[in-house]
Structure formats: C-alpha cells, structure tokens
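Since this is a predicted model, take the numbers as computed values, not measurements.
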Amino acid sequence: ETVSTREGLDYDHVYREYLDTRKAMLKMLADLPDEKVYRETVLPWGAHGSVADLIEIFADHEVEHALDVQKIVAEAKSIPE
C-alpha cells in the first residue's frame with residue numbers, strides 16, 4: 001500500500017495495525033528455525049544477507065525514524081502558541 005491510500009486513517013487505527021503486525025512478525029520470527037534465520041539469501045533490494053541481517057538493518061532504520069519524530073516533537077514544542 002502507498003502512503004496516500006492510508007493517510008486518511010485515524011491514529012488509533014494505524015497504531016492497532018502496527019501492534020497487530022508487530023505481534024505477528026515476532027511470532028513468525030520465533031517460529032523460524034535458526035538455520036533459516038542465518039541462511040544467506042537475497043534481500044528485497046538485491047543485496048545478500050540473512051534474516052538476522054535484515055532484522056538488524058530494520059532495527060537501525062526504526063531508530064532513525066524515532067529520532068526524526070523526537071526532533072519534530074521537540075521543534076513543535078518550541079513554537080510559541
């Protein structure tokens with residue numbers, strides 16, 4: 001889905017979807033045998049790596065997003081009303 005198809009959804013809906021997706025992903029990863037977690041494969045953008053590598057990349061990427069959001073919130077708080 002694209003951002004434009006989801007931009008009208010309310011925060012609660014999006015947050016519930018996030019929690020449901022996260023729960024499903026964690027269960028899937030917990031059920032994945034170790035040999036599949038560490039087996040090299042082609043990642044979605046064409047590079048080679050394992051599921052473990054993919055998780056690390058996404059975790060780092062999520063931290064970047066969190067820092068961006070924290071910066072936006074801090075800037076919004078500093079704007080006089």
Worksheet item: At their closest point, which heavy atom of His48 faces which heavy atom of Val42, and how far apart are they?
Response: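 Distance-wise, the nearest heavy atoms are CE1-CG2, 3.6 Å.
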
Worksheet entry | Taking every non-hydrogen atom, the tightest pair across Val37 and Ser50 |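 Closest pair (atom of Val37, atom of Ser50, distance): O-CB, 3.4 Å.
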
Discussion item. Looking at Asp20 and Glu17, would you say the former's side chain and the latter's main chain have a donor-acceptor pair under 3.5 Å?
Written reply: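 No: the side chain of Asp20 does not pair with the backbone of Glu17.
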
Worksheet entry | Donor-acceptor contact below 3.5 Å, side chain Ser78 vs main chain Glu75 |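 Yes; judged by distance alone, with no hydrogens or angles, the pair exists.
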
Worksheet item: Are Leu32 and Leu43 connected, step by step, through hydrophobic side chains (Ile, Leu, Val, Met, Phe, Trp, Tyr) whose heavy atoms are closer than 4.5 Å?
Response: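 Different hydrophobic clusters.
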
Item to complete: Show your reasoning for whether side chain to side chain contact (heavy atoms under 4.5 Å, CB included) applies to Trp45 and Ile57.
Response: CA-CA 12 Å; Trp45 52 91; Ile57 290 164; 3.8 Å; yes

Worksheet item: Side chains of Asp53 and Phe58: does their closest heavy-atom pair fall under 4.5 Å?
Response: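 Side-chain contact under 4.5 Å: no.
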
Worksheet item: Does a side-chain heavy-atom distance below 4.5 Å link Asp10 with Val14?
Response: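 Not in contact.
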
Item to complete: State which residues pass salt bridge (charged side-chain N to carboxylate O under 4.0 Å, His left out) with Asp31; sequence neighbours excluded, sorted by chain then number.
Response: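 Listed in chain order: Lys27.
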
Practice prompt. Could you label the plane-to-plane angle of the His65 and His61 rings as parallel, tilted or perpendicular, counting under 30° as parallel and over 60° as perpendicular?
Written response: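 Plane angle over 60°, so perpendicular.
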
Item to complete: Decide side chain to side chain contact (heavy atoms under 4.5 Å, CB included) for Leu29 and Val51; before the verdict, give the C-alpha distance in whole Å, the side-chain angles of both, and the deciding distance to 0.1 Å.
Response: CA-CA 9 Å; Leu29 290 171; Val51 171; 3.9 Å; yes

Worksheet item: Are Arg16 and Leu19 close enough, and set up right, to give a side chain to side chain contact (heavy atoms under 4.5 Å, CB included), and what steps lead you there?
Response: CA-CA 5 Å; Arg16 278 191 312 274; Leu19 292 176; 5.7 Å; no

Discussion item. With rounding to the nearest 0.5 angstrom, report the CD to CG distance, Glu64 to Asp60.
Written reply: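 The CG atom of Asp60 is 7.5 Å from CD of Glu64, to the nearest 0.5 Å.
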
Practice prompt. Report the distance from atom CZ of Arg39 to atom OG1 of Thr41, rounding to the nearest 0.5 Å.
Written response: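 Result: 8.0 Å between the selected atoms.
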
Practice prompt. Check each of Leu67, Asp68, Val73 against Gln70 using the side chain to side chain contact (heavy atoms under 4.5 Å, CB included) test, and report the only one that passes.
Written response: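 So, applying the side chain to side chain contact (heavy atoms under 4.5 Å, CB included) to Gln70 and each of Leu67, Asp68, Val73, only Leu67 qualifies.
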
